[in-house]
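So that the names make sense, note that chain A is the first sequence line, chain B the second, and so on, each numbered from 1.
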Amino acid sequence: MTTDAKTTYKPILTDGITGTILSGRTETLADYRAKGGYEGLRRALETMTPEQAIDMVKDANVRGRGGAGFPAGAKWSFIPKDRKKPHYVCVNADESEPGTFSNRPVLEQRPHLLIEGAAICAYATLAETVIIYIRKEYYDAHAQVRRAIDEAYAAGLLGRGVMGSDFNLDVIVQPGAGAYICGEETALIESLEGKRGYPRLRPPFPAIQGVYMCPTVINNVETLSIVAEIFRRGVEWFKSLGTEKSPGMTVYSISGCVAKPGNYELPLGVTMRELIYEYAGGIRDGNKFKAVFPGGSSVPMLFEDELDVVMDFDGPRKYGTFLGSTGIIVMDETVCMTWAAANLMHFYWDESCGQCTPCREGTNWMYKILKRLEAGQGRPGDVELLESIVKHIVGRSICALGEFATGSLARTIPRFRTEFQAHIDQQKCPFKKEYTVLK
Amino acid sequence: MPEITLDATPRLNGLYSRRKTEVDALLAKYPDRRSATMPLLWLVQEEDGWISPESQIEVAAIVGATPAQVNEVVSFYQMYNRAPVGKYVLGICGTLPCALCAADGLYEFLSGKLGIGWGDTTADGLFTIQRRECLGACSEAPVMLVNRKLETRLTRARIDRIIEECRAGQREPYFTGHRPQS
């Protein structure tokens with residue numbers, strides 16, 4: 001990214017959001033309308049057919065911010081053009097990817113931005129019901145989104161005849177109950193039908209058979225917030241930001257061993273080095289950088305000589321990893337890679353839905369091995385065994401969670417093999433781990 | 001919407017008779033009643049702190065599912081408690097970004113201070129420690145949920161104060177107990 005773009009960019013999605021992620025103040029409907037809020041929805045309702053609204057999202061080339069980067073316009077265009085069955089829009093606000101906290105401030109502090117984007121999506125895809133699935137741990141987000149929905153109904157922005165048009169829209173908030181897997185779109189659907197969050201086999205895709213076996217669009221909070229801004233400001237504005245194939249902005253969540261962790265909203269295309277050293281204040285305590293997850297803990301790590309990677313949808317792919325959720329977890333030289341992998345494997349072992357064997361058993365085996373390495377009980381051949389399990393999970397599970405569980409090992413074992421091996425040779429963890437001590 | 005009839009057996013939790021208006025309003029929102037399962041279980045947990053077998057039978061009857069189908073849900077989602085909990089539930093985030101900022105030390109400190117481990121409740125019924133996975137507040141690590149409130153940038157001193165506030169009854173309890181419908 002050019003220095004110019006960096007210094008002139010002002011946050012749009014996180015506009016007015018206080019420095020910390022915790023709620024300072026929530027934007028009311030009046031605050032939001034003073035910024036031109038709901039004018040994008042009005043533009044869609046008054047000047048566009050649903051088809052034209054989809055074309056606008058296609059023109060802007062909005063790629064999904066939830067992790068996969070799938071073009072939102074294409075996703076919307078898969079919805080049938082007739083209404084033989086009711087259509088639904090689901091908002092994925094189950095933000096649970098470790099290291100990702102960019103949806104939280106939008107939900108808590110700018111709920112109307114999301115509601116407007118979801119309403120535009122519903123209009124474009126002939127839906128009359130939006131279901132916002134929010135993880136239960138986000139208690140404040142539940143309260144603020146519900147409050148904003150009440151405000152919107154009272155102002156005629158939701159309900160029968162939205163803004164005086166013949167478009168009807170209801171919005172429901174649905175709670176999760178602590179299951180990471182429900183961020184997977186078909187698991188989310190099962191969950192809001194009142195079932196266990198077991199991912200479905202595809203096809204059929206949700207666009208044909210989603211909630212209640214009806215056509216369904218599922219988008220991430222940030223994706224829909226971006227849509228609202230595009231309908232207000234225009235496609236050209238959006239495409240003037242970011243890179244050619246990754247237009248627009250995103251919110252990078254930076255955590256771990258940095259001096260200034262936080263959310264940084266920037267045009268796509270900034271490098272990892274800039275994110276860590278210019279925005280997040282560099283590595284804490286004057287330590288040296290060691291490794292980083294570029295897109296949540298489910299994608300392979302990047303290392304020192306790879307920090308100039310461009311953080312758009314395509315940059316990390318050159319290294320066999322992904323932009324994912326743009327949850328950036330930074331680790332410094334004092335961090336033990338085996339310990340980090342053991343921590344995360346507990347997560348995936350805990351969160352595997354248990355439906356298919358490679359993931360259910362694989363996460364359990366990997367967790368057991370990593371735990372014994374850390375406990376000084378590693379056995380000869382354990383490192384090779386881990387590598388073999390990784391190889392046998394990838395591509396063999398119903399959803400992506402199996403593969404996600406290998407994110408902390410896939411590129412890390414080859415890079416830090418001696419470090420993993422040292423746990424076996426010395427029958428102990430060779431690191432001091434001062435970062436585990438509470439102040 | 002079909003009429004809901006619940007057998008007057010002693011094994012029901014009594015949710016529907018206490019909170020009929022609220023439950024009916026919830027059911028009316030959904031095209032399919034079974035979608036109300038999770039919100040109803042949350043209503044139960046807000047009253048009781050946990051989901052008893054009796055309340056599972058009752059929720060099943062309300063949404064038109066079998067008790068086994070509701071039990072499947074309760075046993076799948078980690079935040080539904082399958083045993084009674086304390087008045088204050090301390091949900092410590094243990095995932096990597098917090099672990100890089102002393103989450104392990106946070107657990108050890110709290111566990112030592114209260115004399116209980118993961119999932120346990122203190123003998124006086126005041127505190128339960130639960131492990132939560134990433135709470136989505138990583139820039140404020142280490143964090144934990146104290147009932148419904150997120151506490152951030154925790155230190156030993158801050159935790160001492162939170163525990164004092166709980167003991168002094170200055171914080172909202174995790175569950176309300178059964179109240180007549182307002």
Peer 1: Quick one: closest heavy-atom pair of B:Trp42 and A:Pro175, and the distance?
Peer 2: CD1-CG, 3.8 Å

Peer 1: As an exercise: rank A:Ser408, A:Gly176, A:Gly256, A:Gly327 by heavy-atom pairs under 4.5 Å with chain B and give me the winner.
Peer 2: A:Gly176

Peer 1: Among A:Arg196, A:Glu137, A:Arg284, which residue has the highest count of heavy-atom pairs closer than 4.5 Å to chain B?
Peer 2: A:Arg196

Peer 1: Could you give the distance from OH (A:Tyr139) to NZ (B:Lys149), rounded to the nearest 0.5 Å?
Peer 2: 13.5 Å

Peer 1: Highest number of heavy-atom pairs under 4.5 Å with chain A: which of B:Gly105, B:Ser35, B:Ala65?
Peer 2: B:Ser35

Peer 1: Of all of B:Leu154, B:Val70, B:Asp104, which one pairs up most often with chain A through heavy atoms under 4.5 Å apart?
Peer 2: B:Asp104

Peer 1: Looking at B:Glu172, I'd like to know if its CD atom is crowded, meaning that more than 12 non-hydrogen atoms belonging to other residues, nucleotides or ligands lie closer than 6.0 Å.
Peer 2: no

Peer 1: Who among A:Ser96, A:Gly197, A:Ser255 has the most heavy-atom pairs with chain B under 4.5 Å?
Peer 2: A:Gly197

Peer 1: Specify which of A:Ala340, A:Gly178, A:Ala177 makes the most heavy-atom pairs with chain B at under 4.5 Å.
Peer 2: A:Ala177

Peer 1: Nearest 0.5 Å, please: how far is SG in B:Cys134 from OH in A:Tyr180?
Peer 2: 10.0 Å

Peer 1: What is the distance from atom NZ of A:Lys260 to atom OG of B:Ser139, rounded to the nearest 0.5 Å?
Peer 2: 13.0 Å

Peer 1: Show every donor-acceptor pair shorter than 3.5 Å between a side-chain atom in residues 431-439 of chain A and any protein atom, with sequence neighbours excluded, or say none if there are none.
Peer 2:
from     : atom 1 : to       : atom 2 : distance (Å)
A:Lys433 : NZ     : A:Glu374 : OE1    : 2.7
A:Tyr435 : OH     : A:Cys336 : N      : 3.3
A:Thr436 : OG1    : A:Lys433 : O      : 2.8

Peer 1: Work out which heavy atom in B:Phe76 is nearest to a heavy atom in A:Ala179; give both atom names and the distance.
Peer 2: CE2-CB, 4.1 Å

Peer 1: Taking all heavy atoms of B:Glu133 and all of A:Arg135, pick out the closest pair and write down the distance.
Peer 2: O-NH2, 4.0 Å

Peer 1: Atom OH of B:Tyr30 and atom CG of A:Asp170: how far apart are they, to the nearest 0.5 Å?
Peer 2: 12.5 Å

Peer 1: Under 3.5 Å, sequence neighbours excluded: what are the donor-acceptor pairs made by side chains of residues 111-120 of chain B?
Peer 2:
from     : atom 1 : to       : atom 2 : distance (Å)
B:Ser111 : OG     : B:Ile116 : O      : 2.9
B:Lys113 : NZ     : B:Asp160 : OD1    : 2.8
B:Asp120 : OD2    : B:Gly117 : N      : 3.0

Peer 1: Verify the neighbour count for atom CZ of B:Arg158: are there more than 12 heavy atoms of other residues, nucleotides or ligands below 6.0 Å?
Peer 2: yes

Peer 1: Using heavy-atom distances under 4.5 Å, tell me whether B:Thr37 contacts chain A through its side chain, its backbone, both, or neither.
Peer 2: side chain

Peer 1: Under 4.5 Å, counting heavy-atom pairs only, tell me which of B:Gln45, B:Arg131, B:Glu108, B:Gln69 racks up the most with chain A.
Peer 2: B:Arg131

Peer 1: Kindly write out the residues that satisfy salt bridge (Lys or Arg N to Asp or Glu O under 4.0 Å) with B:Lys29, not counting sequence neighbours, or none if the list is empty.
Peer 2: none

Peer 1: Considering non-hydrogen atoms only, spot the tightest contact between B:Met38 and A:Ser191 and give its length.
Peer 2: SD-OG, 3.4 Å

Peer 1: Rounded to the nearest 0.5 Å, what separates atom CZ in B:Arg148 from atom NZ in A:Lys136?
Peer 2: 7.5 Å

Peer 1: Counting a contact as any heavy-atom pair under 4.5 Å apart, which residues of residues 89-102 of chain B contact chain A?
Peer 2: B:Gly94, B:Thr95, B:Leu96, B:Pro97, B:Ala99, B:Leu100, B:Cys101, B:Ala102

Peer 1: Can you name the nearest heavy-atom pair linking B:Gly136 to A:Arg104, along with the distance?
Peer 2: O-NE, 2.7 Å

